[in-house]
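One structure is given below, encoded as structure tokens.
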Amino acid sequence: MTKKITIAIDGFSSTGKSTLAKQLAKHLGYIYVDTGAMYRAVALFAMQNDFISVNSLDKIGLINSLKNIILEFKFNSDLGFAEMYLNGQNVEKEIRTIEVSGFVSKVAEISEVRSKLVEQQQEMGKNKAIVMDGRDIGTVVFPDAELKIFMTASAATRAQRRFDELQQKGDSVTYEEVLKNVEERDYIDTHREDSPLVMADDAVEIDNSHLTREEQFEAVLDLVNAIVKAN
Ligand code: DC
């Protein structure tokens, strides 16, 4: 039987982590987990319950309510991936808005939020055969992952990709707003005290500014195959 491994994909926002992770999971028959969706769902919960607004964050209120947050992924066979559910509601669309993107880094800075989500992520990966993407997967969630990928691309390239995606969805946002959001999230993600975004020492860095999806996928698949063969 082929050895099952854990694949950790980390990197800056909008570097195409989830595209690569989904391609790999589908090809290998592995589970795919988008941990950003979990942080986004907690941010949505905080917005819905008035724990967060443009000028304020009720950190204690949110921490005390964490026990009321149930996060689940349910596989949608039409889409070919699992969608995020918050307390029984499908929130896949709501969590991708620019409003949630604006608040999520603040929520992801809170240690109590991180430890709740990390515990759930480790549980999901206990049988391996998983591709998980996020910011701290190779450093905190699965420090022993057999393959760690760290993805980068310039802020301008990433903002353009995100802008195109949001426009396709009919979101009336400007490129400048998206670029500002990307840069702000980069700053908060790399400067927070708990689990900042850093490349694990044993990660393979991929700058995909000039790579097609297919080239990137083939390169990573070669790495997977080499690891599986060696074990
Ligand atoms: O990957 P994304 O853009 O959907 O992630 C949303 C936010 O969640 C991002 O600003 C950083 C945070 N995040 C995190 O802190 N740790 C993770 N493992 C995943 C996401």
Side-chain angles (χ1 to χ4, degrees), residues 6-22 32-47 52 57 62 66 69 71 73 81-84 86 91-125 130-143 145 148-153 155 157-159 161-166 169 171 173 177-200 203 208:
T6 300
I7 304 176
I9 302 184
D10 289 304
F12 292 95
S13 62
S14 305
T15 41
K17 297 184 297 291
S18 66
T19 303
L20 173 67
K22 278 180 201 157
Y32 162 58
V33 176
D34 169 4
T35 62
M38 300 171 75
Y39 287 93
R40 285 171 179 272
V42 176
L44 180 66
F45 176 90
M47 285 162 68
I52 198 164
L57 168 64
L62 177 59
L66 284 178
I69 300 181
L71 301 177
F73 284 103
F81 63 87
E83 295 181 294
M84 186 79 251
L86 165 63
V91 291
E92 195 55 40
K93 275 212 185 76
E94 290 92 322
I95 60 171
R96 310 286 167 193
T97 60
I98 192 92
E99 287 76 29
V100 171
S101 298
F103 289 130
V104 64
S105 291
K106 295 208 176 66
V107 167
E109 277 184 302
I110 304 171
S111 291
E112 287 80 355
V113 170
R114 301 204 70 84
S115 51
K116 174 182 166 95
L117 300 196
V118 167
E119 196 183 310
Q120 199 175 340
Q121 291 152 9
Q122 288 173 334
E123 180 63 27
M124 291 189 270
I130 191 164
V131 187
M132 191 174 276
D133 77 26
R135 303 293 188 289
D136 58 345
I137 312 306
T139 49
V140 177
V141 182
F142 299 126
K148 299 178 185 177
I149 303 289
F150 191 85
M151 295 179 62
T152 60
T157 304
R158 292 183 286 129
R161 286 178 188 157
R162 191 88 192 101
F163 174 65
D164 293 344
E165 250 174 51
L166 288 167
K169 287 185 194 159
D171 210 319
V173 67
E177 282 175 300
V178 178
L179 179 62
K180 187 165 168 267
N181 174 255
V182 164
E183 288 174 342
E184 277 172 6
R185 282 204 286 155
D186 284 359
Y187 185 85
I188 301 182
D189 288 349
T190 49
H191 287 80
R192 66 168 169 251
E193 245 172 65
D194 188 346
S195 320
L197 172 63
V198 281
M199 183 167 117
N208 64 12

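Every heavy atom of this structure was used, including side-chain atoms; hydrogens, water molecules and symmetry mates were not. One is the number of the first residue; the rest follow in order along the sequence. Every number for a ligand or one of its atoms is a count from 1 in the order of the listing. Remember, it's a predicted structure, so these values are computed and weren't measured experimentally.
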Out of all atoms in ligand 1, which are within 4.0 Å of some heavy atom of [X]? Include the element for each.
| X | answer |
| --- | --- |
| Arg192 | 14 (C), 15 (O) |
| Ser105 | 10 (O) |
| Ala108 | 12 (C), 15 (O) |

query: Counting distance only, does the side-chain N/O of Lys17 pair as donor-acceptor with the main-chain N or O of Asp133 below 3.5 Å?
result: no

message: For Ala108, is there any backbone N or O sitting under 3.5 Å from a side-chain donor or acceptor partner on Arg114?
response: yes

[atom]: the protein heavy-atom neighbour that sits closest, reported with distance to 0.1 Å:
| atom | result |
| --- | --- |
| atom 4 (O) of ligand 1 | Arg40 NE, 2.7 Å |
| atom 3 (O) of ligand 1 | Arg185 NH1, 2.7 Å |
| atom 8 (O) of ligand 1 | Tyr39 CB, 3.6 Å |
| atom 19 (C) of ligand 1 | Thr35 OG1, 3.3 Å |
| atom 2 (P) of ligand 1 | Arg135 NH2, 3.6 Å |
| atom 18 (N) of ligand 1 | Asp136 OD1, 2.8 Å |

- prompt: Quick one: do Glu92 and Arg96 make a salt bridge, cutoff under 4.0 Å?
  reply: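 A salt bridge is present here (some side-chain N lies under 4.0 Å from a carboxylate O).
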
query: Is it true that Glu184 and Lys180 make a salt bridge, defined as a side-chain N closer than 4.0 Å to a carboxylate O?
result: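 Judged by the 4.0 Å cut-off on N to carboxylate O distance, Glu184 and Lys180 do form a salt bridge.
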
query: Should Asp34 and Arg40 count as side-chain neighbours, where that means a heavy-atom distance under 4.5 Å?
result: no

query: Taking the side chain as C-beta and beyond, is there a heavy-atom pair between Met47 and Glu99 under 4.5 Å?
result: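 Heavy-atom side-chain distance check passes, below 4.5 Å.
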
Mode of Asp189 contact toward ligand 1 - side chain, backbone, both, neither (heavy atoms, under 4.0 Å):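 Side chain only; the backbone of Asp189 stays clear of ligand 1.
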
message: Please classify the Arg114 to ligand 1 contact at 4.0 Å (heavy-atom distances, strictly less than): side chain, backbone, both or neither.
response: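 Within the 4.0 Å criterion, Arg114 contacts ligand 1 through side-chain atoms alone.
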
query: Does atom CD of Gln122 have more than 12 heavy-atom neighbours from other groups under 6.0 Å away?
result: yes

Using distance alone, determine whether [X] and ligand 1 share an N or O pair under 3.5 Å.
| X | result |
| --- | --- |
| Arg96 | no |
| Asp34 | no |
| Ser13 | no |

- request: Determine whether any heavy atom of Gln121 lies closer than 4.0 Å to an atom of ligand 1.
  value: no

message: So which atom in Val182 and which in Ala159 form the shortest heavy-atom distance, rounded to 0.1 Å?
response: CG2-CA, 4.2 Å

message: Is a donor from one side chain sitting under 3.5 angstrom from an acceptor on the other, for Ser111 and Asp194?
response: yes

query: So which of Thr15, Asn208, Asp186 actually passes side chain to side chain donor-acceptor pair (under 3.5 Å) with Arg158?
result: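 Going through Thr15, Asn208, Asp186 one by one, the side chain to side chain donor-acceptor pair (under 3.5 Å) with Arg158 is satisfied by Asp186 alone.
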
